[in-house]
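Have a look at the structure below before the remarks.
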Amino acid sequence: MASPKPAGDLNPVSLEEALMTTWKREQTFQQSIQMRHDGAPFIFLEGPPTANGLPGIHHVAARTYKDLVCRWKAMEGHFVERKGGWDTHGLPVEIEVQKRLDLLSNEAILEFGMKEFNDECKKSVWTYEDAWRKMTERMAFWVDLDDPYITLHNEYIESGWWALKQMFDKGLLYKGHKVLPFCPQTGTSYSTHEVALGYKEVEEPSVYLKFKLVDDDAAVLAWTTTPWTLPGNVGLAVGPEVTYARIRIVAEPEGWDGRGGAAIGEELILAEDLLAETLRHQIEIIDTFPGSELVGKAYHPLFPDAVERGDSEAAWTIVPADFVTTTDGTGVVHTAVMYGEDDYILGMEVGFPAQHTVDIDGRFIAGTHNSLDGRYVKDCDDDIIDLLHYDNLLYREQMYTHDYPHCWRTGHPLLYYAMDSWFVRMTAVKEKLLEFNDQVEWAPEWVGEGRFGEWLRNVKDWAISRERFWGTPLPVWICEECGHQHCAGSRQDMLDTAIDAAVVPEDLHRPFVDDVRLHCQTDGCSGEMVREPFVLDCWYDSGCAFFAQWHHPFAGTEKLDANFPIDYICEGVDQTRGWFYTLLAVSTTAFDSLCYKRCLSLGLILDKQGKKMSKSKDNAIDPWDHFNREGADATRWYMVTSGAPWNPLKFDPAGVRETYAKMFLTLWNVYKFHVNYAVMDDFEPTDNSVASRAPLDRWLLSRLNAVGLSLHDQFVGWDFHKACRELEDFVVNDLSNWYVRRSRRRLWDDAESADKLACQHTLHEVLVTVCRLMAPVAPYMVDEIHRNLVGESVHLADWPAGTPGCRRDIQILHIPGKVRGLPSRDEELEERMSLARALAEAGRRIRVDAGRRQRLPCQAGWLVGGLDISEFHSLLADELNVEALTTEDDLDRFQQIELVPNWKALGAKARADLPKVKEALAAADADETWAAIQAGKCELAGFEITPDDVEVRRVEKEGYAAASIEFGEGEAAETVSLVLDMSSTPDLLSKGLARDIIRRVQQKRKNLDLDIAARISLTVWLGDGSPELGDVDWEHVQTETRTDVGVLLSGKGPEEADSFTVDEASIHFSFD
RNA sequence: GGGCGGGUAGCUUAGGUUGGUUGGAGCACCCGGCUGAUAACCGGGAGGUCGCCGGUUCAAAUCCGGCCUCGCCCA
C-alpha cells in the first residue's frame, strides 16, 4: 500500500497537465488495453475527422461520448482497441486549396498541374493535425493517433477498390447520369451547400410555346424559364388528374408586348385553371377533360434535328407525371431529359432519349441548329425565342423574376446538367438495408426508426463518382473498342492487365493512375481500356473504415474477422445520412452484413442563443478556453450532465464554471479532508467491519450502493446524463453536505478510536468507488485521488458494478488481498436518515419563522409521528442545537388535522360534481368529518365519502414553534412534526454566548491564517447587558479556540479589540 | 415542399407514453442564518398564461387537431 500524500488546494489545470505527463510516461492508455487482452473484445470504430479545420468544442462533445463508453467497457474488463482515423479526401479540401492558390476553374487546376494540385491538397489535409492531436490529448480522449487509418494511404484506397469490385461483380455498380448544378466556366458541378452560397435574384425571359400535335389540329401550350433547354425537349408532362381545356382563339387582344401570338381560329390546349393568367386573346372553351386523355399523343419537335429518336417510342409524346402542378406555367411541363432532375428521372422511367444538346463547356453541340451550334447557351436565349417566333411556335414571352443559383466564384448562372456518373444500386438492396437497420440498437430510438429508417425506405441509388481530382480514383476502365467495363480490385489487378506494367504507380492517386491503360478482357477484343476519369465520393472512403483500416483483405482477414461487426459507433446526428449511412451501405453491398450493433447519435452543439456554432458566425467556442480554466474534467462532465446525449446542447460557458465549482471542487475538498487526516493519523485501510460502524457510515455506504448500481443501469440504457446527475447529487449532497459535515468532529480527536477508524474507512471506500464510477466521464482528478489513496491508476481498476460475471453488487477491490463488496443496501436505514435530514431542515425553518438564532440552544425538542429514528437523535439534536430531543405520542398536544381531497378517488366518484364536494369538504369541521368518515357515516354533496377519498394532514396548532413535513410515499405517507421549546434560561443564554464567542474567535483565527493547531492567549470583555457566561461554558470556549491563557472580564473592552453584538450586548475580544 | 426533433422562470433544464387541481431543480437576484466548511453550506422570498388557438374531460404541461417558431437532414 502506497503512503498517501497530503492534498493542497485544487489547481485543475496543473493537475491535469501533470497527469498527461504521467500517463505518457507510464503508458497508462496502452496498459489499460493490454491488461484486458484476454477479455471479450468491445469493438469501437472511430469516425474519422478531417484535420483541415480547427477542432471546436463540438468535437470535444462527440469525443467525450466516444471515450467514456470505451473507458467504461475497458473497466468492465473488455479488450477495447481504439484506432484513430483521418478523413483526408474530398471537395472541401479542394475548395480550400483552390481558394488559397486562386485556381478558380478546372482549366486553371490543370494548368497548375494535377499532380502539384493534389500535392497541395495532401499538405492542406494536415494543416490542423497538430491542433487536433493536442485537443485530443488534452481532453483525454484515449485513441491511438500514432497508428491511425488514413483514407489517402494506398493501402486504404486499395481496400476501397476491393470492396467496390465486390459491388461491381454483383452488378451493383453502373454508369448513368446525374443532373447537377454545373458551372461551365469553372468546369465544376456543385454540392447543394455550394449552390446555397450563390443564389441571386434575376429577371429572365420566360416563354409560352406551342407544341403542335401530330394527329390533331391543336397545339399544347407549355412554359419554361430556360429557353436554352428547348432544343433538348423530348417530351411533355401533364398531370393525369389535372383538368385541361381545349380553347379556340376568337379575337385579337387589346395590346401585345413582345414576340409571339396566335391566329384567329387557332386551337390551344392547357390547364383550365391557368387560362386567365396565360392567354391574352379572347377565347372560347371548346372542351375540358382530364390530363390522362392527352397521354400518348405525339407532337412535332421544336428543333427536329437536335436530338435523335433512336429506339425511343416515347420521344415527343405526352406523358403523365405526378409533379405537374397548376401553380404556375400552363400545367404542361416541357421536359428536357438532360437538364433537370425531375426531367431526367421521368425520362428514364418512360424511355425518352437521353442525349445532350449542350457540351461540357456550356455550348450547343454541333447539329443542334445551324444558328446555335457552338454558342454559349445563355447567350442564345434571345435568338431561340426569335427562331420560335418566326416558326409560329411561340405564343408569348414574359419577363420573369426568380432566385436562381449562380456560381459563387464566377457569378455565372449554373446550368442543371446531366453529368456522367457512376452509381451503386442501393435500390436493389433496400430490403436488406432495412433488415440490418432493424438489428441496430439506436440511441435515441427515433433516429433509427424515424430519421434513418425513413431515409432507407426512400433509398435512391448512390451517386458515388465525382468529377474531381483529389480523392480515391474510381477503379473502372472501359474499352475504347468494345465498351467492356473492368473494375480493378487491387493494384495487382492493374499489374496483371496493364498494357505497360511499368506505368502502374505506387501512388494510386490521380494523375498517376490515369496513365494506366489495360488490355481489354473481352475474348477476341484487342482494344485498350481507359480509366473513367472520376474520383469517389469521400463518404465512400469513410464508409469503408471498418475494413479499410486493416488493409483488408490484402493484409489478411484476421483483423476484420476479430473486429466485425462493430459494437459501438458515435457521431453527431448530422451523420445520419453521412457516415451512419455509408457504413451500412458498404457493409450491405460488399459484405451482405450489418455494420454496427449500437449507434449513439448525438445532438448538435449550439451556442447560448441556440444557433449552430460556425466559424462564419464567430460563435464557436475554443475548447482551450475551458481546458485552461476549469479543466477537461469539468468540461466533459458539464457536457454529459447538461442533457441527454441526443438532445441539442446549448453550450453555456458559465455552466462549465458551475460544474467545476460544484462537483469538482466539492469532491476535491472531501478528498482533501480525508487524505490530510489519513496522512496525519497514518491511516491504513483494513478489512474493517462495516456492521460495527456508526449508522451514519452505514447509511452512506448504502447510498453509495444504490447510486452505483443505478449509475451502471443508466449507462446500459444510454442515460449518461441521468447517471452522472445522480452521482453528482450523491457527492455534493450526501457525501459532502451531510456525511462530511456531520463527521468533521469525529476526525478532530487526536486519539485513535473505533469511531474515527470507521469514518476513515468509510471515506476511503466511498471515495475510491466514486472515483471509479466517474473515471469514464472525467478521467483526470479521480485518477489523482485514486492513485494517492490506492497507489494505482483508476484506469487500471475494475468497474465496481455490474460485471464481470453479471454481479449485481458494488465491489470494493482496493483492499490488498481482499475482494469484498459493500454491505447490501439498507433501505430502511436510508429512509430513517432521509427523515432525519428532512427534520433538520424543518428545524431550521422553525428557527427562521420564530426568529430564534441558530447559536442559541433550545431546551427541548419533540418529534411527533414517523419512524423510530432514535439512533439519530443525538445527531439531530446537535444539528438543531437542541439540548434534548425526545419523541412525543400525543399529537393533539401540538397539532390538529386537516382533510385534503384525494382527487383521483373523488374525481372518479363525483365526476362533474367534484367542485361541490370540494367546497363541502372545505367548509366542514375536519375533526368531526374525519370521525364520521372513519365510522362510515359521512356524506358530502350527496356522495358517500370513504377514507380513501381524503388525505389527512396534520398542522400545528397556533402558538407552537413547530413544523410538519409529509414523509413517505403513497400508502406509507404520514405527517411528521418537530416541535421546539422556545423558552430561554440563563443556562441556555450562557451556552449560546459561548458559541458566539467561539465562532468569532475561530473566524478571526482563520482570517489571520493561523495554523489549526496554534495556541493563543484570549481575553474577552462582556459588555453591559450581556448574559452571564458560566464556568463550564468559558472552559469550553478556551478548549475549542485552543486557548492556553484565557482572561474573562466584565465591562467595555478596548477600542482596538474586535467586537460583536449578541442580543444588544457588546462583546469584545482580543488574542495573540 | 418533405422527414425528424425542440419551444416549460432572466438563463440551463426535469417531468410529458401512465391526465388529478400545489409544474420540480440548478445558476443569477433579494432577505435571513450557519461555518476552522470549499469560488462552500442551510432556510425563506420573488420570478411560469408549460409557444399560440381550438377540442376531449369533472380535471390538460401531459391526450387529439390546427397554427406559429427554432434546429437538423433532405428536396
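To find a chain, count down the sequence lines: A is the first, B the second, and so on, and within it residues start at 1. Everything numeric in this text was worked out from a predicted model, so none of it was measured.
- Taking atom C1' in both B:A40 and B:G33, one finds a spacing of 15 Å when rounded to whole Å.
- Ring to ring, A:Tyr638 and A:Phe651 are close: their centroids are under 6.0 angstrom apart.
- Rounded to an integer number of Å, the gap from A:Phe580 CZ to B:C4 P is 19 Å.
- The separation between A:Tyr581 atom OH and B:C74 atom P is 13 Å, rounded to whole Å.
- A salt bridge links A:Arg837 and A:Asp734; the closest N-O separation between the charged side-chain nitrogens and carboxylate oxygens is under 4.0 Å.
- A:His177 and A:Tyr417 have their aromatic ring centers separated by at least 6.0 angstrom.
- For the C1' atoms, the distance linking B:U56 with B:U62 amounts to 14 Å, nearest Å.
- Listed nucleotides B:A14, B:C34, B:A39 differ in distance to A:Leu665; the shortest reach to its side chain belongs to B:A39.
- With B:A14, B:C11, B:U38 as the choices, the nucleotide that has an atom nearest any side-chain atom of A:Asp652 turns out to be B:C11.
- Each of A:Ala644 and A:Leu10 was assigned the nucleotide of RNA chain B with the nearest heavy atom; the assignment lying further toward the 5' end belongs to A:Ala644.
- Rounding to whole angstrom units, CZ of residue A:Arg844 and P of B:U35 are separated by 12 Å.
- In RNA chain B, runs of at least 3 stacked Watson-Crick or G-U pairs (N1-N3 plus N6-O4 or O6-N4, or N1-O2 plus O6-N3, all under 3.5 Å) give these stems: B:1-7 with B:68-74, B:10-13 with B:24-27, B:29-33 with B:41-45, B:51-55 with B:63-67.
- Taking only distance into account, the side chain of A:Ser736 meets the base of B:U38 through a donor-acceptor pair shorter than 3.5 Å.
- Per the geometry, CE belonging to A:Met639 stands 18 Å off C1' belonging to B:U13, to the nearest Å.
- Atom P of nucleotide B:C41 and atom CZ of A:Arg837 are separated by 13 Å, given to the nearest angstrom.
- Checking side-chain atoms of A:Ser542 against main-chain N and O of A:Trp539 turns up a donor-acceptor pair under 3.5 Å.
- Under the rule for a salt bridge (Lys or Arg N to Asp or Glu O under 4.0 Å), the partners of A:Arg746 that lie at least two apart in sequence or sit in another chain are A:Asp697, A:Asp755.
- Residue-to-nucleotide contacts include a donor-acceptor pair under 3.5 Å from the side chain of A:Arg657 to the base of B:A39.
- Distances shown here put every side-chain N or O of A:Asn737 at or beyond 4.0 Å from the OP1 or OP2 atom of B:A40.
- Annotation: A:Phe423 is not in aromatic contact with A:Trp462 [ring centroid separation under 6.0 Å not met].
- As judged by a 4.0 angstrom heavy-atom cut-off over every strand, A:Arg999 is placed among the base-contacting residues.
- On the C1' atoms, B:A61 is 10 Å away from B:G19, given to the nearest whole Å.
- Among the heavy atoms of the strands lying under 4.0 Å from A:Tyr660 is at least one base atom, whether or not backbone atoms are also near.
- Exactly one of A:Leu763, A:Val766, A:Val670 qualifies for a side-chain contact (heavy atoms from CB on, under 4.5 Å) with A:Tyr739. That residue is A:Leu763.
- Summarising the geometry, the separation between CD on A:Glu841 and P on B:C41 is reported as 14 Å, rounded to the nearest angstrom.
- Here the separation of B:G32 from B:G71, taken at their P atoms, is 45 Å to the nearest Å.
- Here the separation of B:U18 from B:C63, taken at their C1' atoms, is 11 Å to the nearest Å.
- Distance check on atom P: B:C42 versus B:C34 gives 15 Å, rounded to whole Å.
- At whole-Å resolution of the value, CH2 in A:Trp455 and C1' in B:C4 are 14 Å apart.
- Here the two rings, on A:Trp442 and A:Phe580, have centers that are under 6.0 Å apart.
- A salt bridge does not link A:Lys662 to A:Glu728: none of the charged nitrogens lies less than 4.0 Å from a carboxylate oxygen.
- Per the geometry, CZ belonging to A:Arg1000 stands 12 Å off C1' belonging to B:U35, to the nearest Å.
- In this structure, a donor-acceptor pair under 3.5 Å is absent between the side chains of A:Trp668 and A:Asp9.
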Residues A:Leu978, A:Leu880; criterion side-chain contact (heavy atoms from CB on, under 4.5 Å); working and verdict: CA-CA 11 Å; A:Leu978 172 68; A:Leu880 294 173; 3.9 Å; yes
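- Spacing of P atoms, B:C64 relative to B:G1, comes out at 24 Å, to the nearest Å.
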Atom pairs, protein N/O to nucleotides 25-28 of chain B N/O, distance under 3.5 Å:
residue, atom, partner, partner atom, Å
B:G26, O2', A:Glu658, OE2, 2.6
B:C27, O4', A:Glu658, OE1, 3.3

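- On the P atoms, B:G24 is 28 Å away from B:G5, given to the nearest whole Å.
- Heavy-atom distances to RNA chain B give each of A:Asn733 and A:Arg855 a nearest nucleotide, and the one nearer the 5′ end belongs to A:Arg855.
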